[in-house]
Structures are given as structure tokens and as C-alpha cells.
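Down below is the structure, laid out as C-alpha cells.
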Amino acid sequence: MARELSSQVLKSEHRAVAKAISIVEAGGEPSRKLIQELYPHTGKAFTIGVTGPTGTGKSTLVDKIVGEYRERERSVGVLAIDPSSAFTGGALLGDRVRMMDHSLEKKVYIRSMASRGDLGGLARAARNTIRVLDAAGMDVIIVETVGAGQTEVQIASTVDATIVVLMPQLGDEVQAFKAGFAEIGDLFVINKSDLVNPAKTIYNIASGLQERDGWRPPVLKTVAVKGTGVPAVVDAIEKFRKHLETGSLREKRLSKRIQSELVDAAFSDFYHQTVKRLGDQKELDALVGRVVKRELDPETAASRLVEIISKLGEHA
Ligand SMILES: Nc1nc2c(ncn2[C@@H]2O[C@H](COP(=O)(O)OP(=O)(O)OP(=O)(O)O)[C@@H](O)[C@H]2O)c(=O)[nH]1
Ligand SMILES: [Mg+2]
């Protein structure tokens, strides 16, 4: 089944792509089998993360970036990760509608993913969704996330380039920088430059940035609703792509990403398997009971639990 689906994905059949993404979103064995089939066909796409505070115009900008890439005859996959849907149970329609402009075209695939409670699970689903889109032949894949929390940092560590979208601020304090965006951006965009003159914000941000791996992140201004400044953003992305490809920077970054992915995924699988297997054992209950009765302290009980878990492994 995985083979048939993957061969359809490789032919970029939209319905197969949609189905494959649903499978990797659900995780587990079916996802693992599918990724096993698809992985040899990945690695061609350039992946871009777009993040920033709520309402700075990320979706609008992504939509315009898609348009610009289409003009340059590149196919584009978009994955919008919506944090607020944790409460509504589905991705916000607003984003979908706004980003629909291009979804009817042949060379564009747009997908929203509801963020769930399980942080590691989301990053894993996002990584594998990127792989599906990559295998489907998308030249560029854009992932939109909101904020600078753990999710965004994790997502930022799954892409080749991260764009941080901010707005011009009144006053000279650049709040966003305190929120940890400076570290994750390869490129900064001050959007909504039609509302307030962005010069001061640009200056403040640019002066707070440091060169990393021979790259000083540029700070660009846009008016996403009008598309102003968008070609320059895409030029800057392409320049960064070239920069990554000189030397072995892209590969170095990729190795780092794969390393953390493997450790995260292995620990997560191990955790879930262990919890499940412990559920069938009486030892955990017994330990809990003894701690509750204060016959045993929690630290000692935890180290006993480690012993129990390692014994579980021996009988696997
Ligand atoms: N004036 C002005 N408004 C803009 C610009 N870009 C986006 N907007 C508007 O700002 C609002 C938010 O835009 P979105 O693109 O949804 O912003 P977002 O960052 O994706 O929002 P979240 O995903 O909810 O964080 C919309 O009403 C846009 O039309 C701009 O350059 N200038
Ligand atoms: Mg958005």
C-alpha cells in the first residue's frame, strides 16, 4: 500500500499527496513505512520557515512569495501550522482562504496542520510532511508558524532558511527581539511598512544581529498586501541558498538537524513503547503505592523504575 501511494506521490498527484500527509500526520507504523519509501526521493527541495509574532502578515507574505516563485517557474509547497487550532480543533479557515490564491494552480500545494499538545509529534509530522512535498517534486517548501516558542524554534531547526516577519514599531524598543527571534532568523522582514516608517525598526534590528557562519542576516521591508518588496525577499532567500551551498554549510546544518531528529524520534518512540509496556506491569503500581505510603522516596523509586525499564528491554 505504501509503495503504491508513494509512486503516486512521486508523480505529484495531489490526492495522493494529501493522503500521504494525513498518514504522516497520524504517525506510527504506516507513516514510518511511507517515509521509508519516499526518503530516497527527497533532498531536492529548498525549505523555508516563515515565523514571527501574531498578525505581522506572514500568511499574506507567504502567499506573495509563492506568487513570486511561480513567476520564476518553481513549484511551491506550503505548510501552515496554526497554533490557535489547538482550541478549535481545526486549522483556521482564514489562513486557508487567504492562501488559496495559488492553491488551484498545478505547481502549488497548500496544507494546514493543526498544532497539537504534543510538541515533538508536531515537529515530527512537519518534518515528514516536508518530505512528502519534497518527494512530490516541490522545488521550494514554505512552513509558516507563529511566535518564538519551542515549536517555532523546533520548526526553524527543520528548514534550510528561516524568515522572521515583524512589523514597524512605535518607540524604539524592539520587543520581538527579547522574544528570541534574533537567534533563529536568516532573514528579517519588516512588513506593513505602509503603516509606520520602518527605518528605525530596521536600524534597531540590523544593529542587534550578528554574523553567523559568514552570513549577516539582511533586514528587508515589505508591504505584503501590495506585494511591495517581495521580489527582493525572494532574491535574498536565493542568495542565502547560494551561501549555504558554498562550502558544506548546508550539509553541516542538515547533519545537525538529522542528529536532533533521530534522538527526538527515538526517545519519543522509546517513551511511548515504555509507557505502554509499563502499563502491563504491576511493578510500577507497586512503586507508586510505596511512595504514596512514604515507605520509599520518589528519587529512589525513580531509579528502581529505571532498572525495571532496562529489564523490560532485555525481554523484548
Ligand atoms: N497595512 C498592511 N496590512 C497588512 C500587510 N500585510 C498583511 N496585512 C494585513 O494584516 C492582517 C494579518 O495578516 P496575516 O497575513 O493573516 O498575518 P499572519 O502573520 O499570518 O497572522 P497569524 O497567522 O494569525 O499570526 C490581515 O488583515 C492582512 O491583510 C501590509 O503589508 N500592510
Ligand atoms: Mg498566518
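Ligands are counted one by one from 1 in listed order, and the atoms in each one are counted from 1 as well.
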Legend entry - Identified salt bridge (Lys or Arg N to Asp or Glu O under 4.0 Å) partner of D160 from the options R241, R257, R253: R257

Which bit of [X] is near ligand 1, meaning a heavy atom under 4.0 Å away: side chain, backbone, both or neither?
X: K226; result: neither
X: V165; result: neither
X: D194; result: side chain
X: N191; result: side chain

Legend entry - Nearest to the Mg ion (ligand 2) - the N/O/S atom of E144, by atom name: OE2

Legend entry - side-chain contact (heavy atoms from CB on, under 4.5 Å) partner of V62, chosen from I163, I142, V76: I142

Inset, instruction - May I ask you to test the F270-I309 pair for a side-chain heavy-atom distance under 4.5 Å? - result: yes

Legend entry - SB check E37 K33 (cutoff 4.0 Å): no

Inset, instruction - Name the option, out of K221, K64, K58, that contains the heavy atom nearest to atom 19 (O) of ligand 1. - result: K58

Inset, instruction - If the plane angle is over 60° it's perpendicular, under 30° parallel, otherwise tilted; pick one for H14 and Y109. - result: perpendicular

Inset, instruction - Verify the distance test for S59 against the Mg ion (ligand 2): any N/O/S atom under 2.8 Å, yes or no. - result: yes

Inset, instruction - For S22 and R111, test the side chains for any donor-to-acceptor distance below 3.5 angstrom and give the result as yes or no. - result: yes

